Amino acid sequence: MFCSAIRNILKNSQNAAKIAAITTQLRNLRGQREAQSEVEVFRSPDIIAQQNDKETEPATQDSFKEVALDFGNREAHVPSFNLAAYVNKSSTLQQFISLGVDLHSIERRKGLGQFVLQLDFEKNVKPFITFLVDQGISPDDFGRMFTKNPLLFKEDLDDLQTRVDYLKSKRFSDEARQRILTHNPYWLMFSTRRVDRRLGYFQKEFRLSGHDLRLLATREPNVVTYNMEHLRKSVFTLREEMGFSAKELSALVVRKPRLMMTPPDDLVERFSYIHQDMGLSHAQIVQCPELLASREFRLRERHEFLKLLGRAQYDPQKDMYISPKTIVEGNNSYFVRNVAKSDFETFDLFLRTR
């Protein structure tokens, strides 16, 4: 029995030794894989392209290490989520910063950071700046435009000129074109056929004259390139759920075209409070579309405060009339002093106790 116990101990020792050896081998393999993956992270796009090309010999692991460690004086276009790491080596990024471009905003959008990093300022950017200057765009607007739509540099300059010429043919003034391009640089990426189809939709849907159509597009350039499904839903809500007539709806969207970009549920919530609680008619809302553009809780706070003071009187035929438009103008201090004719301490107490 003693001998049997000795054999079991030896057998267990041998198994333990085998397990230890296998564990060591696994650790070595894991270490090699981790080292290889670290090299993979720092491989340049050129090395990756060479490896994918069957006619090119695969690069060795040592060459990868050279790429990872020796950048020299060239710009290192290594994939990253932080463009700030390349500013010192990229003259293009430095020029963008001087123009007021927000690199942080660009790098948060998938793929745009790498795209901007590959641009050559003289070759890929400067011609577009010249084009925009020729359209009367102020250099002060370049930073905002390029931040919002850096993909503009992928477009063909001849196509951009055609799209500007289209606006001229539709009798958009110089000021209108400048406003459209600065407030919505995505407009330049839409073909003339696509823009014409969008403008035709608004003109037909709301029976607009050429003047009113240009007014709508200039006041809110983003609405022309907005998601059409969303626009149709909002228009349906304004017409069918709120009950605006065709004429009222036309006046409403021309005066405040941004309403069509507002979520339909928000529109319904605001309209319900304005029409039922505040007692304003459709005609009054059309005259003051800013009400529908204001958040419901802000309307509620101010209307209830006026009601508390006995000043919630929106009928122009009666005394102490308050224009509904003034309810949504200015900050709280302006509202309390100039509209409610009260003091901020009273308004603050009202907010605390409501």
Side-chain angles (χ1 to χ4, degrees), residues 179 183 202 206 208 212 215-223 226 230-231 233-354:
R179 176 176 169 80
H183 283 73
F202 292 116
F206 305 115
L208 302 179
D212 286 342
L215 195 58
L216 180 150
T218 305
R219 280 179 173 170
E220 185 50 73
N222 290 294
V223 77
Y226 207 68
H230 178 100
L231 294 177
K233 288 180 178 179
S234 294
V235 171
F236 177 85
T237 298
L238 290 166
R239 178 187 290 115
E240 304 298 334
E241 297 185 44
M242 299 183 191
F244 287 102
S245 66
K247 187 176 181 179
E248 290 172 338
L249 186 58
S250 297
L252 193 64
V253 298
V254 170
R255 290 174 179 172
K256 201 68 176 178
R258 191 170 183 83
L259 291 177
M260 291 183 287
M261 300 166 58
T262 306
D265 290 344
D266 290 348
L267 287 174
V268 171
E269 182 182 46
R270 296 168 190 176
F271 174 79
S272 177
Y273 187 78
I274 296 167
H275 188 54
Q276 297 178 13
D277 292 73
M278 295 177 64
L280 299 183
S281 66
H282 285 75
Q284 286 178 296
I285 296 174
V286 171
Q287 292 299 318
C288 184
E290 292 81 7
L291 291 169
L292 284 175
S294 183
R295 289 170 292 183
E296 190 268 343
F297 84 89
R298 188 169 181 237
L299 292 169
R300 185 180 296 274
E301 283 181 351
R302 296 188 174 189
H303 170 67
E304 289 183 358
F305 184 62
L306 290 173
K307 193 175 179 180
L308 178 69
L309 298 176
R311 298 181 58 84
Q313 207 289 93
Y314 311 119
D315 187 346
Q317 304 300 323
K318 298 180 180 180
D319 294 336
M320 299 180 65
Y321 166 71
I322 289 181
S323 171
K325 186 177 180 179
T326 61
I327 297 178
V328 294
E329 287 181 343
N331 56 24
N332 283 341
S333 296
Y334 174 87
F335 166 75
V336 170
R337 290 195 310 268
N338 299 280
V339 181
K341 307 297 182 181
S342 182
D343 57 84
F344 199 80
E345 289 75 14
T346 303
F347 183 67
D348 184 59
L349 180 63
F350 163 75
L351 294 179
R352 291 172 182 270
T353 56
R354 64 190 292 268

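Everything quoted here is computed from the prediction, not taken from an experiment.
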Donor-acceptor contacts under 3.5 Å from residues 264-275 side chains, at least two apart:
| residue | atom | partner | partner atom | Å |
| --- | --- | --- | --- | --- |
| R270 | NE | S294 | O | 3.1 |
| R270 | NH1 | L292 | O | 2.8 |
| H275 | ND1 | L280 | O | 2.7 |

Do F347 and L308 pass the side-chain contact (heavy atoms from CB on, under 4.5 Å) test, and can you show the C-alpha distance, the side-chain angles, and the key distance before you say yes or no?
-> CA-CA 10 Å; F347 183 67; L308 178 69; over 6 Å; no

Apply side-chain hydrogen bond (donor to acceptor under 3.5 Å, both in side chains) to [X] and list each qualifying residue two or more places apart in sequence or on a separate chain.
X    : answer
S323 : none
R295 : none
D343 : T346

Does [X] have any salt bridge (Lys or Arg N to Asp or Glu O under 4.0 Å) partners at least two apart in sequence or in another chain, and if so, which?
X    : answer
D277 : none
K307 : none
R239 : E205

Would you please test D319 and Q313 for side-chain contact (heavy atoms from CB on, under 4.5 Å) and show each step?
-> CA-CA 8 Å; D319 294 336; Q313 207 289 93; 5.7 Å; no

Student check: side-chain heavy atoms of L215 and L208 closer than 4.5 Å | no

Any chance you could lay out the side-chain contact (heavy atoms from CB on, under 4.5 Å) test for M261 and N222, step after step, and finish with the verdict?
-> CA-CA 9 Å; M261 300 166 58; N222 290 294; 3.9 Å; yes

Would L309 and S342 count as a side-chain contact (heavy atoms from CB on, under 4.5 Å) if you check the C-alpha gap in whole Å, the side-chain angles of each, and the deciding distance to 0.1 Å?
-> CA-CA 9 Å; L309 298 176; S342 182; 4.0 Å; yes

Hey, what do you get for CE (M260) to CZ (F206), rounding to the nearest 0.5 Å?
-> 5.0 Å

Quick one: CG on L238 to CG on L252, what's the gap to the nearest 0.5 Å?
-> 6.0 Å

Selection residues 240-264 - residue pairs positive for salt bridge (charged side-chain N to carboxylate O under 4.0 Å, His left out), sequence neighbours left out |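 Those involving residues 240-264 are E220-R258.
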
Pair listing, side-chain hydrogen bond (donor to acceptor under 3.5 Å, both in side chains) test, anchored in residues 329-340, at least two apart |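 Applying side-chain hydrogen bond (donor to acceptor under 3.5 Å, both in side chains) to every pair that reaches into residues 329-340, excluding sequence neighbours, yields R302-N332.
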
Identify all side-chain donor-acceptor contacts of residues 281-290 below 3.5 Å with residues at least two apart in sequence or on another chain.
| residue | atom | partner | partner atom | Å |
| --- | --- | --- | --- | --- |
| S281 | OG | Q284 | N | 3.2 |
| H282 | NE2 | M242 | O | 2.6 |
| Q284 | OE1 | S281 | N | 3.0 |
| Q284 | NE2 | Y314 | O | 3.0 |

For R354, which residues count as a side-chain contact (heavy atoms from CB on, under 4.5 Å) partner, sequence neighbours excluded?
->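 For R354 the side-chain contact (heavy atoms from CB on, under 4.5 Å) partners, ignoring immediate neighbours, are R300, E301, E304, F350, L351.
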
Listed by chain and number, what are the side-chain contact (heavy atoms from CB on, under 4.5 Å) partners of L349, not counting sequence neighbours?
->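 Listed in chain order: T353.
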
